[in-house]
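This report concerns only the one structure given below.
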Amino acid sequence: MVITRFAPSPTGFLHVGGARTCIYNYLYSRAKGGKFLLRIEDTDRERYREEWVVGIIEGLKWLGIEWDEPEVYQSQRLEIYKKYAEMLIEKGYAYRCFCTPEELEEERKRYESIKRPYRYSRKCLNLSEREVEENLKKGKPFSIRFKIPDYEDITFNDLIHGEIKYNTKDLGGDFIIMKSDGFPTYNFAVVIDDHLMEITYVIRGDDHIANTPKQILIYRALGWEPPKFAHLPMILGPDRQKLSKRHGATSLEEFRNEGILPDALFNYLALLGWSPGGNREIVSKDEMIRIFDIKDVNKSPSVFDHQKMLWMNSEYIRMRKDEELIMELKDYNSHLKKQGMGYDIDEEFYPVLVRLFKERVKTLKDFFEYGKFVYKDEYPFDSEAVKKRLSYENIFGYLRELADRFESLNIWKSDEIERVLRGYADELGIKHAILIHAVRVSVSGTGVGPSLFHLLEELGKDRVVMRLRNVEEKVKGILQRP
RNA sequence: GGCCCCAUCGUCUAAGGGCUAGGACGCCACUCUUUCAAGGUGGAAGUGGGGGUUCGAGUCCCCCUGGGGCCGCCA
């Protein structure tokens, strides 16, 4: 059976790179009818914060990813790592190291000054049994190092990159597997857990390629069969550097706040480095599960294109049923409100926003931003639009008259509204567009937006009439400015 | 610096030795139209360079160049 896992460390927000790694692990396990597990790699007590754990789990759930067993927390498995580390010491594959961080720092500097690649001096490798005993008795803190063979080729077959070969001399020397605080290091814990969790496919970022030979050595020392490895290319920023915070939004949370739909993000991320074939862009999760294979994942890194993600998001918004969109907008707004960033809007306006803006937004946020004049009576006027559309001779008189005619309408429907407006323009002998544009700016403050007659219908008669009557007063200041 | 990875339009990608190098985002033009989107039509835009192998190379091999990653008691 195929068993994959995602193993984030709670030292920050869930990053899109991590999210994509997770998506591929998830898709692959589902595609093969296997299992997908989640493991929290919380062995860095310096940077650990519980809120990151919560954030990661919530983020994954939001993305629509589910795991098949309860999460595994490495911090709860310390005895396990200890047991195996001691086993390695006994078998001669590892040894205790009493060097202090300061000593090691010095070593490192020395190597730097003679421009040699750093490798641990192995100062502690040949400590006699008595010396070790003495140090232990004195309570001297120690770490445990894995002993790397001097000169040996390690090759492994990467499912994405093919054969990769390393020589043990280039591995940087004996590396630490247990820190002096009793926590395992990444390279050690990952091996123990992947084996114990019976992971068959390790799908992770490219940046772990150099760690793989070290891990293989541990598998070997323990007499275990390594899983298959697939190293995903990185996601880069527009400057082709590894994507990071300075490139703007990169965490799931930020995208969520921006108003990106989870399945749109899922779709976009999945297609960043993998192609479903057939010149398709919009692919449902079910469809992906049907056709996903690691073999089809690209080896070259890809640049995250925010614009294309927005496009995809707008496609998903348009595909949504109105009712679903309304629910999602409510959820979205309450999510924002929890952070004190929500919009003050009455329930009744949600369907209006959806009907009016569904076809012209890129994000959920856009609904609230574009639609401010819908749910608020105080809305800003775009001065350029005001000058362009409300400078026509006697326009405010026309608008007041139009307001009167609207007021006497019994049926407030777009085609009725249209009939009245066009009729009045004909009476005046002016182009329909003059009135149309003037009315739009008056009721919405902007020169762009949804089809005017639908807009007026949705706004409601009273509000429209009131706005047409008040507009002159409101824009007076703008028109007086040069 | 050492080791490793990567290389098709600006970006994401398709093309498992044989096509005019295809699609998508973005961009431009036209169209539709009361504006903006959306839609429709069209367009500009790519195999980093040099050597091989082959009747034939984006595709296979080598070198160069360029980019990226890792070299922690971080993961």
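The figures here come from the full heavy-atom set of this structure, side chains too, leaving out hydrogens, waters and symmetry mates. Throughout, protein chains are lettered first and strands after them, A, B, ... in sequence-line order, and every chain is numbered starting at 1. Keep in mind that this is a model prediction, so the values were computed, not measured.
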May I ask you to decide whether [X] forms a salt bridge with [Y], counting only side-chain N to carboxylate O separations under 4.0 Å?
X	Y	result
A:R318	A:E315	yes
A:R405	A:E401	yes
A:E152	A:R220	yes
A:K83	A:E86	no

How many Å lie between [atom1] on [X] and [atom2] on [N], as a whole number?
X	N	atom1	atom2	answer
A:L236	B:rG10	CG	C1'	15 Å
A:K308	B:rC9	NZ	C1'	13 Å
A:Y316	B:rA24	OH	C1'	14 Å
A:R355	B:rA37	CZ	C1'	19 Å
A:R119	B:rG72	CZ	P	12 Å
A:D207	B:rG72	CG	P	15 Å
A:N298	B:rA24	CG	P	19 Å
A:W311	B:rG23	CH2	C1'	11 Å

Taking only side-chain N and O atoms of [X], does any of them lie within less than 4.0 angstrom of OP1 or OP2 on [N]?
X	N	result
A:K169	B:rG2	no
A:R240	B:rC12	yes
A:R422	B:rU34	yes
A:H208	B:rG69	no

Just the atom pairs and distances: protein N or O near nucleotides 46-48 of chain B's N or O, under 3.5 Å.
none

With a 3.5 Å cut-off and just heavy-atom distances, do the side chain of [X] and the base of [N] make a donor-acceptor pair?
X	N	result
A:D206	B:rG69	no
A:T185	B:rC73	no
A:K299	B:rA7	no
A:S451	B:rU34	yes

Give one of base, sugar-phosphate or nothing for [X], where a contact means two heavy atoms less than 4.0 Å apart.
X	answer
A:L104	base
A:I176	base
A:R389	nothing
A:F304	nothing
A:S180	base

**Item:** Spacing of A:L356 atom CG and A:L459 atom CG [to the nearest 0.5 Å]
**Value:**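 Result: 8.0 Å between the selected atoms.
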
When rounded to the nearest Å, what value does the distance between [atom1] atoms of [N] and [M] take?
N	M	atom1	answer
B:rG23	B:rU41	P	12 Å
B:rG69	B:rA75	C1'	14 Å
B:rU53	B:rC62	P	15 Å
B:rG2	B:rU47	C1'	32 Å
B:rG67	B:rC61	C1'	22 Å
B:rA21	B:rG16	C1'	16 Å
B:rG58	B:rU20	P	12 Å
B:rG48	B:rG43	P	25 Å

**Item:** Ring centre gap for A:Y186 and A:H208 strictly below 6.0 Å
**Value:**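 Yes, ring centres under 6.0 Å apart.
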
**Item:** Which residue lies more 5' along RNA chain B, comparing A:N211 with A:V361 via nearest heavy atoms
**Value:**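 Checking each residue's closest nucleotide, the 5'-ward one belongs to A:V361.
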
**Item:** Along RNA chain B (nearest heavy atom to each residue), the more 5'-positioned of A:M234 and A:E163
**Value:**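 Whichever sits nearer the 5' end wins; that is A:E163.
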
**Prompt:** Do the ring planes of A:F304 and A:Y268 sit parallel (below 30°), tilted (30 to 60°) or perpendicular (above 60°)?
**Reply:**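 The rings of A:F304 and A:Y268 stand perpendicular, inter-plane angle above 60°.
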
**Prompt:** Can any side-chain N or O of A:Y73 pair as donor or acceptor with the backbone N or O of A:R39 at less than 3.5 Å?
**Reply:**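 No; judged by distance alone, with no hydrogens or angles, the pair does not exist.
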
Across all strands shown, which nucleotide pairs with [N] by Watson-Crick or G-U wobble geometry, both distances under 3.5 Å?
N	result
B:rA7	B:rU65
B:rG1	B:rC71
B:rU53	none
B:rA45	none

**Asked** Do we get A:K214 above A:F175's six-membered ring, with its NZ or CZ under 6.0 Å from the centre and within 45° of the axis?
**Response**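 So A:K214 does make the cation-pi contact.
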
**Message:** Side chains of A:D296 and A:P276, heavy atoms from C-beta outward: is any pair under 4.5 Å?
**Reply:**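 No, their side chains stay 4.5 Å or more apart.
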
